[in-house]
Amino acid sequence: MAKGLPKRSEDYSRWYTELVLRAELADYAPVKGCMVIRPYGYAIWERIQSTLDRMFKQTGHVNAYFPLFIPESFMTKEAEHVEGFAPQCAVVTHGGGAKLEEPLYVRPTSETIIWSMYGKWIQSYRDLPLLINQWANIVRWEMRTRLFLRTTEFLWQEGHTAHATETEALEETVKMLEVYRTFAEEYMAVPVIKGVKSESEKFAGAVRTYCIEAMMQDGKALQAGTSHYLGQNFAKAFNVQYQTKEGKLEYVYATSWGVSTRLVGALVMAHSDDNGLVLPPRLAPIHVVIVPIFKGEEERALVLGKARALADSFGPETIVRLDDRDNVSAGWKFNEWELKGVPVRIEIGPRDLAKGQAVMVRRDLGEKRAVPLESLKEVVLRELQDMQGALLHKALDFRQASTKRLDDYESFKKQMEEPIPGFVDAGWCGSAECEAKLQEETKATIRCLPLAGQPEKCSCIRCGNPSERRVIMAKSY
RNA sequence: CGGGGCGUAGCGCAGCUUGGCUAGCGCGCGUGGUUUGGGACCACGAGGUCGCGGGUUCAAAUCCCGCCGCCCCGACCA
């Protein structure tokens, strides 16, 4: 393994790519724009998955699986949807050595195939709400790809729900957005802003798109999750009606919501440093690594024995790895486990044993600290907890420091030229034209209209016209 | 799709300008030994369709033509 990662300050994008490759989260696949998620990266995804899955089930959802292939005719049923997705779809034209009667789209998202089935399953108000989630892979033919952040194929979860009323569907939409916020902040230790997307950034086929926006260390925004209120658009396209108590026929109301393997990229970009990954304990595949240090057989037996006992003293909820390889030096191991972002490292050698202690290093702090063996487990558990909180606070502080409230266009443009452009909180008149021009002129986009924001009389930062509210603008991934 | 870069051992590269003999270096890998508190060392060893196809030549990694692939930067997107 080569030494040294590029510095974030010198080349953030190269730092990111090299880190993902060298920490063995992922590797480039033979197909352009595709990646292999390697075991260590997949382990992070599995932890994301199992946590969210539990949260979805706690909110009444069940899992199902719908097919990868979607008949072309389904894709074209909802006008906006097809217009939005057609350009990025992979289409299968041949199967079994023969040209297909009807081309099959590889799902870019599953609204159409799911709503074609919901049509069969929903007849009465008694069938509602229908709350289904699926874990799946999807394909979107992107022009430009980046490991985890944007790949041609990616893994995600997509929730698709059907409701009797608009109110209920809207409640569901914001409820799931809140689930995402909770997950991002409590597990990923990534603070997010809940908001509504502008018309132009809205999901193709949605009435309204909600999102959570996170800030990466280079001051760019990353959309970390979305939740859509679909109104009756898909119900009408697929003719999904239900009979009310009164016997009337009504179209059902829909939502859909998703997060993807992009979250792994968000995790990397939110916390990691020039030495490698920094993983929040609640999502780290390995919590504690023990590196034994010894000379000769005698010490080896002694130190390894103690190290094993130490590893075994932790309960099943703490994942401890004893690195007893003898083909690499202790120093090499330190660097490797830092690269891989293991939250806590314990060094234990003869000198420690003589003093009845071990050396402990927290990944985010990097300082060595001697801890008596008898209290080691307790201290480690506390540090894991503290680190989880510390990462969130650090990220939050960074976001606050990198968010500017601005009112004139010139300072805004200047801000977007800064090495860390950050978020700008500014007025927007609401016109699509201003939005487009703003993007053209500054490379920034309107990330969202924050839910927390109060209506406020101000003026549009670009055209100066009256504005009813402030929005978040930023360069983004 | 436009611009740039790169394709030579598992990885990173040199060699190409000015064709030549057995294609080289570092890391990694294997074996043996000494080692282990911040990326250890010695010895021996394995490992190559020089991206692909064609051409020029006595001779091509090197020159010419064509193709392919990947990465990076811009226009679409979670």
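Here is the naming used below: chain letters follow the sequence lines, and residue numbers restart at 1 for every chain. Just the heavy atoms: all of them, side chains too, but no hydrogens, waters or symmetry mates, feed the values below.
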**Item:** Inter-nucleotide C1' distance (B:A60, B:A23), Å rounded
**Value:** 13 Å
**Complete:** On RNA chain B, more 5' by nearest nucleotide between A:N327 and A:V361 is A:N327
**Asked** Tell me: CZ of A:R345 to C1' of B:G37, nearest whole Å?
**Response** 10 Å
**Asked** When we call it a touch if two heavy atoms are under 4.0 Å apart, what does A:T151 touch: a base, just sugar-phosphate, or nothing?
**Response** base
**Request:** Identify the residue among A:R363, A:R8, A:Q217 that makes a side-chain hydrogen bond (donor to acceptor under 3.5 Å, both in side chains) with A:D273.
**Result:** A:R363
**Message:** Taking any heavy-atom pair under 4.0 Å as a contact, classify A:Q88: base, sugar-phosphate, or nothing.
**Reply:** sugar-phosphate
**Prompt:** Any ion pair linking A:K475 and A:D218 (charged N to carboxylate O, less than 4.0 Å)?
**Reply:** no
**Message:** Mind checking if A:R146 touches a base, just sugar-phosphate, or nothing, with heavy atoms under 4.0 Å?
**Reply:** nothing
**Asked** To the side chain of A:V359, which of B:A78, B:G37, B:A75 is closest?
**Response** B:G37
**Message:** Please tell me if A:Y180 has a side-chain N or O lying less than 4.0 Å from either OP1 or OP2 of B:A78.
**Reply:** no
**Request:** Answer with base, sugar-phosphate or nothing: what part of the nucleic acid does A:Y477 contact at a heavy-atom distance below 4.0 Å?
**Result:** nothing
**Item:** Watson-Crick/G-U partner (both atom distances under 3.5 Å) of B:C41
**Value:** B:G33
**Spacing of the C1' atoms in B:A43 and B:G7 (rounded, Å)** = 35 Å
**Asked** Expressed in whole Å, how much space separates the C1' atoms belonging to B:G26 and B:A9?
**Response** 12 Å
**Request:** Check every strand shown and say whether A:L149 touches a base, only sugar-phosphate, or nothing at a heavy-atom separation below 4.0 Å.
**Result:** base
**Message:** Within the 4.0 Å heavy-atom criterion, would you say A:V291 contacts the bases, only the backbone, or no part of the nucleic acid?
**Reply:** nothing
**Asked** Considering only the P atoms, how many Å lie between B:C13 and B:G54, rounded to the nearest integer?
**Response** 29 Å
**Request:** To the nearest 0.5 angstrom, please state how far the CG atom of A:L155 sits from the CD atom of A:Q49.
**Result:** 7.5 Å
**Prompt:** For the pair made of CD in A:E297 and P in B:G33, what is the distance, rounded to whole Å?
**Reply:** 12 Å
**Asked** So which nucleotide does B:A14 pair with, by the Watson-Crick or G-U wobble rule with both distances under 3.5 Å?
**Response** none
**Message:** Nearest to the A:N335 side chain among B:G37, B:A78, B:G39, which nucleotide is it?
**Reply:** B:G39
**A:K32, nearest nucleotide to its side chain (from B:G37, B:A78, B:C70)** = B:C70
**Pair of N/O donor and acceptor under 3.5 Å linking B:G38 base with A:E338 side chain** = yes
**Complete:** Re B:C1: Watson-Crick or G-U wobble partner, both distances kept under 3.5 Å, found to be B:G74
**Request:** Could you work out the separation of B:C42 and B:C6 based on their P atoms and round it to a whole Å?
**Result:** 34 Å
**Message:** Can you identify which nucleotide, out of B:A75, B:G38, B:C71, has its nearest atom closest to the A:F334 side chain?
**Reply:** B:G38
**Prompt:** Counting side-chain heavy atoms from CB outward, which of B:C72, B:G37, B:A78 is closest to A:P350?
**Reply:** B:G37
**Message:** Tell me whether the rings of A:W115 and A:Y118 are parallel (<30°), tilted (30 to 60°) or perpendicular (>60°).
**Reply:** perpendicular
**Asked** How is A:K443 classified with respect to the nucleic acid when contacts are heavy atoms under 4.0 Å: base, sugar-phosphate, or nothing?
**Response** sugar-phosphate
**Request:** Take the protein atom CH2 of A:W15 and the nucleotide atom C1' of B:C71, then report the distance between them rounded to whole Å.
**Result:** 19 Å
**Prompt:** Which nucleotide in the set B:A78, B:U36, B:G38 lies at the smallest distance from any side-chain heavy atom of A:F154?
**Reply:** B:A78
**Prompt:** With A:E213, which of A:R181, A:K220, A:K194, A:K197 fulfils salt bridge (Lys or Arg N to Asp or Glu O under 4.0 Å)?
**Reply:** A:K197
**Prompt:** Expressed as a whole number of Å, how far does the P atom of B:C27 sit from that of B:C70?
**Reply:** 32 Å
**Separation of B:G74 P from A:K475 NZ (nearest whole Å)** = 9 Å
**Request:** Tell me, please, which residues at least two apart from A:A311 pass side chain to side chain contact (heavy atoms under 4.5 Å, CB included).
**Result:** A:I290, A:V320
**Message:** Suppose you measure atom C1' in B:C67 against the same atom in B:G30; what distance do you get, rounded to whole Å?
**Reply:** 39 Å
**Request:** Classify the nucleic acid contact of A:E347 as base, sugar-phosphate or nothing, counting any heavy atom under 4.0 Å across all strands shown.
**Result:** base
**Request:** In whole angstrom, give me the gap between the P atoms of B:G15 and B:U57.
**Result:** 28 Å
**Prompt:** Once you round it to whole Å, what is the distance between P of B:U36 and CZ of A:R300?
**Reply:** 13 Å
**Asked** Got a donor-acceptor pair under 3.5 Å from the side chain of A:K368 to the base of B:G38?
**Response** yes
**Complete:** Checking B:G37, B:C76, B:G38 against the side chain of A:M143 (C-beta onward), the nearest is B:C76
**Request:** Considering just the side-chain nitrogens and oxygens of A:K295, establish if one lies under 4.0 Å of OP1 or OP2 belonging to B:G37.
**Result:** no
**Asked** What is the distance, rounded to the nearest whole Å, between atom CD of A:E18 and atom P of B:C71?
**Response** 14 Å
**Fill in**
Output for pair (A:I70 CD1, A:T76 OG1), nearest 0.5 Å, gives 11.5 Å
**Item:** Rounded interatomic separation in angstrom, taking NZ from A:K202 and P from B:A78
**Value:** 13 Å
**Message:** Please name the nucleotide paired to B:G7 by Watson-Crick or G-U wobble geometry with both distances under 3.5 Å, or report none.
**Reply:** B:C68
**Asked** Contact class for A:T261 vs. all strands (heavy atom < 4.0 Å): base, sugar-phosphate, or nothing?
**Response** nothing
**Prompt:** Taking any strand in view, what nucleotide pairs with B:C58 in a Watson-Crick or G-U wobble way, both distances under 3.5 Å?
**Reply:** B:G20
**Asked** Over how many whole Å does the gap from A:N275 atom CG to B:G39 atom P extend?
**Response** 13 Å
**Prompt:** Which one, B:A40, B:C72, B:G38, comes nearest to the side chain of A:W332?
**Reply:** B:A40
**Asked** Which of parallel (below 30°), tilted (30 to 60°) and perpendicular (above 60°) describes A:Y253 and A:Y229?
**Response** parallel
**Message:** So, does A:S329 get its side chain near the phosphate of B:A40, meaning an N or O under 4.0 Å from OP1 or OP2?
**Reply:** yes
**Item:** Pairwise 5' ranking along RNA chain B for A:E153 and A:Y28, keeping only the more 5' one
**Value:** A:Y28
**Prompt:** Do the charged groups of A:E435 and A:R462 touch, with an N to O distance under 4.0 Å?
**Reply:** no
